[in-house]
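Please read these numbers as outputs of a predicted model, since none were measured by experiment. Side-chain atoms are counted along with the backbone in the values below, which use heavy atoms only and exclude waters and symmetry mates.
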Amino acid sequence: MLPKERSRAVPITDDSFAALVRLYKSSTKFVGYSEGTKDLWGRELDFAARPNCLGAVSLQVIRPALVQAYLDGLDGRPGKQAAAYSALKQLEKWAIVRDLLPRQIMTGVSTEHAKGGHVPWTDEEVALGERCARADLSRAITLASNTGQRGSDLIRMCPTDLETYKGMLGINVTQKKTGKQVWVPVTSPLAAAMQTWERRPGPFLTRLDGSAWTRAALTHAWDYEKGHNPDLKPLAARDLVLHGLRGTACVRLKRAGATPAQIADMVGMSEDMVANYCRFSAQKENAAAAVILLERTFGEQKRDMFNK
């Protein structure tokens with residue numbers, strides 16, 4: 001019996017999608033993005049540019065149907081699918097006006113509706129993550145859900161960033177993505193948690209061995225923990241990501257009575273983004289208020305009937 005022939009790697013030519021990705025990643029446009037954006041989109045473009053994905057496809061052949069087929073292969077991972085879509089859309093936008101693509105490749109392409117992604121975690125989900133995730137990731141959940149900051153900012157927060165203003169403790173943050181400087185109040189739950197954290201130089205968040213996190217490493221560690229820790233199955237089922245805790249902080253502040261403008265200042269984001277994150281909370285609050293109003297009206301009607 002003849003031995004099976006080993007599969008050969010598909011060659012990547014200069015006319016290939018992979019070559020276009022390399023060119024885009026070396027462009028001034030891509031290099032000018034923030035580090036977080038370069039890391040996220042670069043990772044997704046590199047994945048798409050693999051020979052067994054879209055990498056070996058000729059630029060004369062690639063079209064929306066092939067891109068849609070690639071994204072369909074990411075079904076069930078809405079966060080990754082959305083990031084891949086955004087990266088490919090920007091690649092197309094950059095390439096099409098430079099005549100590097102013979103046609104648009106994203107026309108009509110769509111992704112599934114995210115079941116989790118950047119949706120805010122509930123308080124119960126936060127508590128589950130804090131309780132059951134490994135210690136370094138549990139601390140990250142606590143810090144993220146109480147400050148509403150991006151991962152790229154969470155990993156740089158240090159005790160030296162703490163400042164008391166008008167008797168309130170807060171953390172000074174220069175947001176890496178926007179360059180915006182914000183003073184983030186330390187909530188009571190966060191202050192209580194900080195009391196239990198080991199005091200040492202450097203950032204609040206470190207790996208178990210004490211080394212510093214990178215944004216990508218923190219994301220990968222959470223993805224692995226979520227997928228392999230059986231106690232975190234409810235979080236994996238919703239494909240919850242750490243960035244969703246940014247929305248959790250907004251929802252908590254809204255429920256506490258803060259206005260959108262106040263939340264925007266406290267967390268360091270636009271009011272439109274605050275409204276986007278809080279839309280889930282608003283729907284539930286409105287529904288609950290409707291039930292209370294309905295029960296009150298029904299009760300008043302019954303009393304009127306008996307008083308006649």
With hydrophobic residues grouped by side-chain heavy-atom distances under 4.5 Å, do Val61 and Met106 end up in a single group? yes
Looking at Trp94 and Lys89, would you say the former's side chain and the latter's main chain have a donor-acceptor pair under 3.5 Å? no
Option passing side-chain hydrogen bond (donor to acceptor under 3.5 Å, both in side chains) with Gln149 (candidates Gln175, Arg156, Arg246, Lys176): Gln175
For Glu125, run the side chain to side chain contact (heavy atoms under 4.5 Å, CB included) check against Leu240, Ile141, Leu232 and tell me which one passes. Leu240
List, one per line, each side-chain donor-acceptor pair under 3.5 Å for residues 187-197, sequence neighbours excluded.
from	atom 1	to	atom 2	distance (Å)
Thr187	OG1	Asn146	OD1	2.7
Thr187	OG1	Leu190	N	3.3
Thr196	OG1	Ala193	O	2.6
Trp197	NE1	Ala193	O	3.3

Stepwise, does the side chain to side chain contact (heavy atoms under 4.5 Å, CB included) test hold for Phe30 with Leu45? CA-CA 12 Å; Phe30 189 86; Leu45 289 171; 4.2 Å; yes
Working note: Leu101 + Leu91, criterion side chain to side chain contact (heavy atoms under 4.5 Å, CB included); need CA distance, chi angles, decisive distance, verdict. CA-CA 10 Å; Leu101 278 171; Leu91 170 66; 5.8 Å; no
Is it true that Arg139 and Asp136 have a side-chain N and a carboxylate O under 4.0 angstrom from each other? no
For Met168, the hydrophobic cluster (side chain heavy atoms closer than 4.5 Å, chained through members) also holds Tyr165, Trp183
Do the side chains of Lys177 and Asp153 get close enough for a salt bridge, i.e. N-O under 4.0 angstrom? no
Under the ring-ring contact (aromatic ring centres under 6.0 Å, His included) rule, collect the residues that match up with Phe47, sequence neighbours excluded. none
Hey, does the side chain of Arg50 reach the backbone of Ala56 with a donor-acceptor pair shorter than 3.5 angstrom? no
Neighbour count >12 (heavy atoms, 6.0 Å) for atom CZ, Arg199: no
Between Lys25 and Asp46, is there a salt bridge with N-O shorter than 4.0 Å? yes
Indicate whether the side chain of Asp272 and that of Ser270 have a donor and an acceptor atom separated by less than 3.5 Å. no
